[in-house]
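Presented below is the structure to which this report refers.
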Amino acid sequence: MIKINNLHTVIDGKKILKGIDLVIKPGEVHAIMGPNGAGKSTLSNVLAGRDGYEVTEGSVQFEGADLLTMKPEERAGAGLFLAFQYPVEIPGVQMTQFLKAAVNAVRKQRGQEELDALAFLKLIKSKIKELDINDEMIKRAVNVGFSGGEKKRNEVLQMTLLEPKFAVLDETDSGLDIDALKVVAEGVNRLRSPERSFLVITHYQRLLDYITPDVVHILADGRIIKTGGPELALELEEKGYAEFVEASDNEEAA
Amino acid sequence: MEDRALTWLDDLRDGGDADVCARGLPTSKLERWKYTKLPAWKDVGANQKLSVKITSENTEIKEINQCFNESFVAKILQAYIPQEQPDMMLWSLNNTSLEDGLFIDIPAGMKLDNPIELVFTGEEGGFYNSRIIVRVGKGAEVTLIERHEGQGTYWKNMVTQIVAEEGAHLTHIRMVDDGAEATHTNTAQISQKAASVYKGFYLTQNVRLARNEIEMRLEGEQAECDLSGVSLLQAQQHGDTTITVAHQVPHCVSRQFFRAVLDDQARGVFQGKVCVHKDAQKTEAYQLSNALLLSEGAEMDTKPELEIYADDVKCSHGATTGQLDDEPLFYLRSRGLNEEQARALLVEAFVNEVVDKLVNDSVKNIVREVLNNPPSHLWEGGQRGEGS
Ligand SMILES: Nc1ncnc2c1ncn2[C@@H]1O[C@H](COP(=O)(O)OP(=O)(O)O)[C@@H](O)[C@H]1O
Ligand SMILES: [Mg+2]
């Protein structure tokens, strides 16, 4: 699905990612955990194609294509989805208008017929029900006046509607109470399939109680310092980041 | 037309003539005309009647030259002496040939369900000096939709005088959509009596040069006015909104909310002045102007002014000029919209935030129909920004 090879990035002259290697196969769920400032959001943004990140070394293959030369909208069309850590408020753009434009934009890119107003309405009705989103929320402007939980649910709604092949969830769990967390996790689990992969970025182990990952990576200071199975998340929760970071520093020094 | 010679009318016209001869047209030397230069107009003598299509129910709308004998009309026409003002030459110009225009008189207590619609059409070579006088009687409620269109190069020099009597409600939609070669100037004076409500929405698009100058007088307590508008300009188009709100008495509220979307070498001007007189305690006055520049050549000049002589007031003003934000653009593109679509959607949203404030849905729809939003050239031109 996706193959990240020795990825280095620089923002404003500052090195952030310092050689990321990561291979995610179809159907796999990988988790990335790491302290604040480790570079988790930087990695998601580089994958989604945000401006301002300079890739100085390395490559990213997405289904065999060179991801880094694609425009953000082409990445979406090809099946990449990023659930933002901080979803953007867009005053004046109504949710339904936005969601319909997005669904039809990716459908068009994928050679599928665009949905008319009625078909779209039917689709959205069924999806918001699954995600326990109330009607009133989709009548508002995109993310404007949404609570933290509503914003995250909205990200999952978009993911559900856009049917990506590969979804990156950047701290979709932060700021959620346990009920909202379950709804989000169920949303992800419902989409899990042998053809679809996920990269779940989180600060806490909590989310991984509900979304069981195949592989867990620990990211610190722009590098993956440890990779393991789901048990790594528990170990991390117990010992804290500091111990892992120290251990890896020692290895390096040795 | 007039049976008897009306000396006051002759005096008014002669006064206008004399003023135009003496002072000419406004130039950038005048403070309130600093940013707007009228195109040269050689033949200001030849004056045509401006064609208008009227749709109204239960209201008789009269030609103004049939009303010179009515005391209200005679009085309001004489009430303002433009030659005594430092910069009111366009009003004088309108006086020189005072003959064309409409008088809309809504009797006290009348509530009209359907809007009155006026469509004014200019023609190639036309020069129009038209006067609109509106009186909304005590407690009356009406929506007036004024649409300006036309073909070719012409100049509409309008003067609008509105009186909202006690408790009257007037919603006034004024859409300037005259055509890429047309010049449109409007000088408006609006008087609001106690507890009256005026809601004005002004659209400026598809015009070579437009100046909309409004003097709002809040003369009776508890009066409320909402002035809002949108300018959508491209090429070398120029749109000027110049407003003075005079809070003359206590307990009135005024709000101004204007947005401009400027592309190519278009230029927008917003001059908004709020004067709160000494006795006008408990005044609330708000003003906001936002401009969105879509190209490097576009320019916005904004001049907010507050003159406050009362101490117990709530006033605020804000002005921004900027480009589309990167964050929402990226958010939309990450959902599959291409750059043009994303930009168009954001421009539309920027404008919608003003239109959405109009309370009445049917009025909103009428505005949306005329509104060139998102500007079509955003889609056609394509090659903007780094994309495509
Ligand atoms: N736009 C930016 N400009 C400058 N520095 C940035 C920018 N974005 C992130 N950084 C820096 O990059 C580092 C990694 O940030 P980020 O990827 O957001 O970390 P995480 O998501 O793991 O908390 C931090 O030191 C942060 O300050
Ligand atoms: Mg982050």
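It should be emphasised that the depicted structure is a prediction, and the values quoted were computed from it without experimental measurement. These numbers come from the heavy atoms of this one structure, side chains and all, not from hydrogens, waters or symmetry mates. In what follows, chains carry the letters A, B, and so on, assigned in the order in which the sequence lines appear, proteins first and then strands, with residues in each chain numbered from 1.
Interface remark: A/E74 contributes no atoms to any contact with chain B (heavy atom separation under 4.5 Å). Contacts between A/P164 and chain B at a heavy-atom distance below 4.5 Å are absent for every atom of the residue. Both the backbone and the side chain of A/R50 come within contact range of chain B, each with at least one heavy atom under 4.5 Å from a heavy atom of that chain.
Contact count against chain B (heavy-atom pairs under 4.5 Å) is highest for A/V93 among A/V106, A/L80, A/V93. The choice from A/P72, A/A105, A/A102, A/A76 that makes the most heavy-atom pairs within less than 4.5 Å of chain B is A/P72.
Of the possible donor and acceptor atoms, none in the side chain of B/E327 sits under 3.5 Å from a partner among the backbone N and O of A/V88.
Between B/R333 and A/E73 the shortest heavy-atom distance is NE-OE1, 2.8 Å. Heavy-atom minimum distance, A/P91 versus B/A349: O-CB, 3.5 Å.
To the nearest 0.5 Å, the span separating CD1 on A/I90 from CG on B/L345 amounts to 7.5 Å. Note: B/R335 CZ to A/F84 CZ = 5.0 Å, rounded to the nearest 0.5 Å. Summarising the geometry, atom OH belonging to B/Y331 is positioned 10.5 Å from atom CD belonging to A/E89; distances are rounded to the nearest 0.5 Å.
For residues 138-147 of chain A, heavy-atom neighbours of chain B at less than 4.5 Å comprise A/V142, A/N143, sorted by residue number.
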